[in-house]
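Starting from 1, each residue takes its place in the sequence as its number. Reckoned from all heavy atoms, side chains included, excluding hydrogens, waters and symmetry mates. All values derive from a computational prediction rather than experimental measurement.
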Amino acid sequence: MGWIDAPSASDDAEPGQDDVVEAAWQRLLHKEYMDIGLVGAAYAEPLLRQLHPSSSHQDLHFSRCTGDWSWDVPFIMHLPGGRYLVAGPSRSQIAGEADTAEEAVALVVGGLPPGCGPAVVGGREELDRLDTVPADQIPGDNERRSYASDQIG
């Protein structure tokens, strides 16, 4: 039985956090063009496995919500020669370079926001409503918008 065939608690139930996040990880783990070593290293890290992953141009991104992006978690980009660059949450914030996928994952874990927990099913508004981190430690809307435009440009 493959991951997609796994039964839910109820056929009519809305997918929960575990279902949505695991399905996203499984899609990345099976994408032909992805760096499977990188995705596998991130998936092996429990703190990242609870976040909602995505890819863009083979970069590996993480979000604390499933409906859109929380824009407050570092991400991993590829460098020439099989190396990695960990940036974020903004592209202008460089956490460091890594020679291995495991080192890149460790840099992301070191840059997780305070109180980072499982991804919330829903968008940023739902995350904000449930967040227990003090407001002064969460990137503001301007920082998130700036990061979003970094991603587009």
Side-chain angles (χ1 to χ4, degrees), residues 3-4 6 8-79 84-96 98 101 104-153:
W3 68 269
I4 200 144
S8 303
S10 163
D11 290 339
D12 297 328
E14 288 291 320
Q17 181 271 347
D18 291 341
D19 298 328
V20 173
V21 170
E22 182 62 21
W25 277 109
Q26 291 301 321
R27 280 191 300 275
L28 286 181
L29 285 164
H30 293 92
K31 273 191 175 178
E32 290 180 26
Y33 66 86
M34 281 303 296
D35 177 345
I36 298 305
L38 175 61
V39 177
Y43 184 75
E45 169 52 59
L47 291 172
L48 298 185
R49 190 172 50 243
Q50 67 184 348
L51 300 176
H52 190 258
S54 70
S55 66
S56 173
H57 301 93
Q58 292 191 329
D59 297 344
L60 185 57
H61 297 263
F62 310 93
S63 179
R64 295 190 310 126
C65 52
T66 64
D68 51 24
W69 302 108
S70 58
W71 304 115
D72 59 355
V73 177
F75 60 97
I76 304 170
M77 300 186 301
H78 286 81
L79 292 174
Y84 303 94
L85 175 71
V86 177
S90 159
R91 284 192 184 270
S92 64
Q93 295 173 291
I94 306 300
V105 164
L107 286 170
V108 172
V109 169
L112 291 175
C116 187
V120 171
V121 174
R124 182 64 208 198
E125 297 78 23
E126 184 67 9
L127 179 61
D128 288 344
R129 188 179 71 73
L130 297 172
D131 219 329
T132 59
V133 176
D136 64 344
Q137 294 182 17
I138 300 172
D141 287 337
N142 289 338
E143 290 175 60
R144 286 194 298 267
R145 274 198 281 286
S146 169
Y147 180 66
S149 29
D150 285 352
Q151 295 295 303
I152 296 168

| query | Got Ser55 and His61 here, is their nearest side-chain heavy-atom distance under 4.5 Å? | reply | no
| request: Would you check, one step at a time, whether the test side chain to side chain contact (heavy atoms under 4.5 Å, CB included) holds for Phe62 with Ser54? | output: CA-CA 6 Å; Phe62 310 93; Ser54 70; over 6 Å; no
| request: Would you please indicate if the ring centroids of Trp25 and His52 are separated by under 6.0 Å? | output: no
Acceptor/donor pairs from residues 104-123 side chains to any protein atom, 3.5 angstrom cut, sequence neighbours excluded:
none

| said: Let me confirm one number: the CZ-CG distance from Arg49 to Leu51, rounded to the nearest 0.5 Å. | reply: 11.0 Å
| task | Compare every heavy atom of Arg91 with every heavy atom of Asp59, then report the nearest pair and how far apart it is. | result | OD2-NH2, 4.0 Å
| query | If we only count heavy atoms from C-beta on, is the Leu28 to Gln26 side-chain gap below 4.5 Å? | reply | no
| request: Go through the steps to decide whether Asp72 and Arg64 satisfy the test side chain to side chain contact (heavy atoms under 4.5 Å, CB included), and finish with yes or no. | output: CA-CA 8 Å; Asp72 59 355; Arg64 295 190 310 126; 2.7 Å; yes
| said: Is there a side chain to side chain contact (heavy atoms under 4.5 Å, CB included) between Ile94 and Leu85? Walk through the geometry before answering. | reply: CA-CA 8 Å; Ile94 306 300; Leu85 175 71; 3.5 Å; yes
| Nearest heavy-atom neighbours spanning Gly37 and Ala101 | O-CB, 3.9 Å
| Partners meeting ring pair (Phe, Tyr, Trp, His ring centres under 6.0 Å) with Tyr84 (sequence neighbours left out) | His78
| said: To the nearest 0.5 Å, what is the distance between CG on Leu60 and CG on Leu38? | reply: 5.0 Å
| Main-chain N/O of Ala42 paired with Glu45 side-chain donor or acceptor, under 3.5 Å | no
